[in-house]
Protein chains: 2
Amino acid sequence: MKTGPRRSVNPEAMLDAALDLLDTGGLTMRALASRLGLTPGALYTYFPDRAAIVSALADRLLGQADLTLLQNGPGTPDERIIAFSLNLREVLMRHPAAMPAILGAAFTGPVALRVGESLYEALPDPRAAYTVMVYVLGAIALEAAEAGSTPEPEAERIAARRAAFTVDPEAFPHTHAAADTIAAYISTEQFRWGLERVLSAL
Amino acid sequence: MKTGPRRSVNPEAMLDAALDLLDTGGLTMRALASRLGLTPGALYTYFPDRAAIVSALADRLLGQADLTLLQNGPGTPDERIIAFSLNLREVLMRHPAAMPAILGAAFTGPVALRVGESLYEALPDPRAAYTVMVYVLGAIALEAAEAGSTPEPEAERIAARRAAFTVDPEAFPHTHAAADTIAAYISTEQFRWGLERVLSAL
DNA sequence: ACCTGAACACCGTTCAAGT
DNA sequence: ACCTGAACACCGTTCAAGT
């Protein structure tokens, strides 16, 4: 029983299909093969194993962020770092399930190298640059970890967090008092606020 | 064929065995059952599914950090946050494979709530507190993502990173020039440096 | 309540054989 | 080089049945 279309099986098309399956939480070699009209074993002609597919996917996703925002954009280096980081967050949050792979392949991939070099141009102290990477990737990883594979709008995710968040006011007074702010931890506003603070210290 | 010891099957003992298996990269329901002298199906008496075991493990691991460093330690609030963060990093880096679960269950678990409340006591602005969480957990997640499940000493990991790191000096001049510092991104020194900078801005 | 035995519905990967 | 068919060695989870 062949279920998928047969045309144009190449690494690019494979990654398109793989990303689609990853987003729906069902990236298996068997499902991917079926999408491409292939048998599972045929995939090993293109990639050595499943992990290689996920790594390639991670680097490709990184490449979807608009690097010109960091390189040629208007404004100060800090402003360009903020603009690129906001764009990167937007791109990566469209595929939360890929975030673990992004953390894993963070610096090895070819695209990651180009992003890194551009960041060092904007922020020459490499220790400072890494601090920014940690903040940006850390914030996105925390958001992605609780987002479903289907990314709801930010406002709805915050409302859901607020509704689900209840703590004993006696035992956790500070936490209880901060509930609204805590629900908004995943907001663009919080992301930008923290990033600006971090950059101001570097 | 029974392979494991039979005595004392309770949730605590299960989590001990589960952590051990997670560290060696082989946490499966079948392996866990065998360790406990049980059949796979018997595990579902204690936990509803595999994910519940991993979540419980994550919260338990968080509890191994010494919260008194944050609550009652000497020094300024910032110094206590640094001391606790260094301790947390040490604890979590003993079990890198658990880091994804830590990110996922970051705020829901009972231990996580206590840690959060203590952090808010030291750093009352919740937006500032979250920025610290993002930095600390982000840095540990990036380190854990590339560490093997068996945690080598830090010095060896840095040396291995330095040896493996080669880039085209023409195409990536800044990256090439920063190679030594980049190799040391996973160092305690870099972790502390970044954290101090972040705290100084909050 | 706790556990077994057995099954169900899957996985990733390999490999001889074909084209 | 690319692909099939078939197998190997696994998975998590369910469930009737026993104690």
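Proteins come first, then strands; the chains are lettered A, B, ... in the order of their sequence lines, and each starts at number 1.
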Using nucleotides 14-19 of chain C, report all nitrogen or oxygen pairs with the protein that are shorter than 3.5 Å.
none

| query | How many Å lie between CG on Leu43(B) and P on dA1(C), as a whole number? | reply | 18 Å

| request: Would you verify whether the NZ or CZ of Arg161(A) falls within 45 degrees of the ring axis of Tyr185(A) while also being under 6.0 Å from that six-membered ring's centre? | output: no

| task | Grab the two heavy atoms, one from Ala141(B) and one from Leu103(B), that are nearest each other, plus how far apart they are. | result | CB-CD1, 3.9 Å

| field | Flag side-chain contact, heavy atom, 4.5 Å: Thr188(B) against Arg89(B) | value | yes

| query | Is the shortest heavy-atom distance from the side chain of Ile158(B) to the side chain of Glu154(B) under 4.5 Å? | reply | yes

| task | Check DNA chain D against residues 18-32 of chain A and give the residues with a non-hydrogen atom under 4.0 Å, in numerical order. | result | Arg30(A)

| task | Provide, to the nearest angstrom, the distance between the CE atom belonging to Met14(B) and the C1' atom belonging to dA1(C). | result | 15 Å

| query | Is Arg192(A) atom CZ crowded by more than 12 heavy atoms from other residues, nucleotides or ligands, each under 6.0 Å away? | reply | no

| task | Any chance you could lay out the side chain to side chain contact (heavy atoms under 4.5 Å, CB included) test for Asp16(A) and Arg60(A), step after step, and finish with the verdict? | result | CA-CA 10 Å; Asp16(A) 283 337; Arg60(A) 196 189 207 216; 2.8 Å; yes

| message | I want to check something: taking the side chain as every heavy atom from C-beta on, are Glu117(B) and Pro173(A) in contact at a cut-off of under 4.5 Å? | response | yes

| said: When you compare the side chain of Leu92(A) with that of Met99(A), does any pair of heavy atoms fall below 4.5 Å? | reply: yes

| task | Please determine which of Val134(B), Thr131(B), Ile81(B), Val136(B) meets the side chain to side chain contact (heavy atoms under 4.5 Å, CB included) test together with Val198(B). | result | Thr131(B)

| query | In terms of heavy-atom contacts, does CZ of Arg114(A) have more than 12 from other residues, nucleotides or ligands at under 6.0 Å? | reply | no

| query | With respect to the side chain of Arg50(B), which nucleotide from dC3(D), dG12(D), dG12(C) is positioned closest? | reply | dG12(D)

| message | Reading 5' to 3' and counting Watson-Crick or G-U wobble pairs with both distances under 3.5 Å, write the dot-bracket notation for DNA chain C, | for bases paired outside the strand. | response | ||.|||||...|||||.||

| message | In whole Å, measure the gap between the P atoms of dC10(C) and dA9(D) for me. | response | 22 Å

| query | Is any side-chain heavy atom of Leu15(A) less than 4.5 Å from a side-chain heavy atom of Tyr46(A)? | reply | no

| query | Can you check the Leu38(B) CG to dT13(D) P distance for me, whole Å? | reply | 16 Å

